[in-house]
Amino acid sequence: MVRAKFWLLQENTGNCLWGFFGFGVFFITAVFVKKIGFFFFFCIGGETMSTPARKRLMRDFKRLQQDPPAGISGAPQDNNIMHWNAVIFGPDDTPWDGGTFKLTLQFIEDYPNKPPTVRFVSRMFHPNIYADGSICLDILQNQWSPIYDVAAILTSIQSLLCDPNPNSPANSEAARLFSENKREYNRKVREIVEQSWTAE
């Protein structure tokens, strides 16, 4: 027996179309977030969800959908719950305001005992973000704790945008400008924000 239900939910952030198909232990969940422009589609079989890491990621995803923090969004990519796409919106009333920044999160089976590998896909200019999109953030390194979930990771990265640590630079030019020439730093950040509007 195949069951199918659809919910159409319209919010201020756009239209979300949810689909759920059930057939035995196999189900497919699809989420389309209009504002972000991502289509998240993943298939999960009963056996593939048996590991602690995958079960935890399903809980993370459920929490992120039911109670999403302001300005962040994320979901598993394709049919792999260990690989996520995410979006962080620049905080209001800051130089990052209006930006739409895409990231990827790659988890391993040791999650949540080990942090994911997180990278920005969008081009960034920030003291603590490397040229390849890698992020220098303590909770992704030596300050990681299993209590952190996907929502906490993305919220911490969003906070980092406006509160960088120039004393631990991943981008020396951004760190120097942030400390010595805030006006020029903000100008470069605004350029990054504008580029995020057209980046694919």
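In this text the structure is predicted, and so the values were computed from the model without any measurement.
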Suppose we screen for side chain to side chain donor-acceptor pair (under 3.5 Å). Which residues come up paired with [X], at least two apart in sequence or across chains?
X: D132; answer: R119, S134
X: R63; answer: D149
X: R187; answer: E184, E191

Rounded to the nearest 0.5 Å, how far does [atom2] of [Y] lie from [atom1] of [X]?
X: L177; Y: K182; atom1: CG; atom2: NZ; value: 11.0 Å
X: Q141; Y: C136; atom1: CD; atom2: SG; value: 5.0 Å
X: I192; Y: W197; atom1: CD1; atom2: CH2; value: 12.5 Å

(message) Are Y130 and L140 connected into the same hydrophobic cluster when the rule is that any two of I, L, V, M, F, W, Y join if their side-chain heavy atoms are below 4.5 Å apart?
(response)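 Each belongs to a different hydrophobic cluster.
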
Kindly say whether [Y] contributes a backbone atom to a donor-acceptor pair with the side chain of [X] at under 3.5 angstrom?
X: S196; Y: V193; result: yes
X: Q158; Y: F89; result: yes
X: H126; Y: I135; result: no
X: Q106; Y: P116; result: no
X: R190; Y: P95; result: yes

(request) For the residue pair L103 and I157, establish whether any side-chain heavy-atom pair is separated by less than 4.5 Å. (result)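 Sidechains of I157 and L103: in contact.
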
(request) Answer yes or no: is there a side-chain heavy-atom contact under 4.5 Å between H83 and T104? (result)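 In contact.
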
(request) Identify, with sequence neighbours excluded, every residue that meets side-chain contact (heavy atoms from CB on, under 4.5 Å) alongside P69. (result)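 L64, I72, A151, T155.
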
(request) Taking all heavy atoms of W84 and all of L57, pick out the closest pair and write down the distance. (result)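 Of all heavy-atom pairs spanning W84 and L57, the closest is CZ2-O, 3.7 Å.
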
(message) Show the nearest heavy-atom pair for residues L105 and A86, with the distance to one decimal.
(response)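 Scanning both residues, the minimum pair turns out to be CD1-CB, 3.7 Å.
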
(message) Is it the case that atom CG in N142 sees more than 12 heavy atoms from other parts of the structure closer than 6.0 Å?
(response)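 Yes - once you tally the heavy atoms of other residues, nucleotides and ligands closer than 6.0 Å, there are more than 12.
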
(message) Quick check on the 6.0 Å ring-centre criterion: do W96 and F101 meet it?
(response)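 Yes, the ring centres sit under 6.0 Å apart.
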
(request) May I ask you to decide if the ring planes of F125 and Y185 are parallel, tilted or perpendicular, using 30° and 60° as cut-offs? (result)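 Tilted: the ring planes of F125 and Y185 meet at 30° to 60°.
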
Would you mind writing out the side-chain donor-acceptor pairs for residues 162-172 within the sub-3.5 Å range, not counting sequence neighbours?
| residue | atom | partner | partner atom | Å |
| --- | --- | --- | --- | --- |
| N165 | OD1 | N167 | N | 3.1 |
| N171 | OD1 | E173 | N | 3.2 |
| N171 | OD1 | A174 | N | 2.9 |

(request) Take M124 and L161, measure what side-chain contact (heavy atoms from CB on, under 4.5 Å) needs, and give me the verdict at the end. (result) CA-CA 10 Å; M124 302 296 289; L161 293 181; 3.7 Å; yes

(message) Under 6.0 Å from the ring centre and within 45 degrees of the ring axis: does the NZ or CZ of K114 meet both conditions for the six-membered ring of Y111?
(response)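 So K114 doesn't make the cation-pi contact.
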
(request) Assess whether side-chain contact (heavy atoms from CB on, under 4.5 Å) is satisfied between S156 and L137, documenting all intermediate values. (result) CA-CA 9 Å; S156 296; L137 181 62; 4.1 Å; yes

(request) Mind checking ring pair (Phe, Tyr, Trp, His ring centres under 6.0 Å) for Y148 and listing every partner two or more places apart, or none if nothing turns up? (result)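 Counting only residues at least two positions away or on another chain, Y148 forms a ring pair (Phe, Tyr, Trp, His ring centres under 6.0 Å) with W144.
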
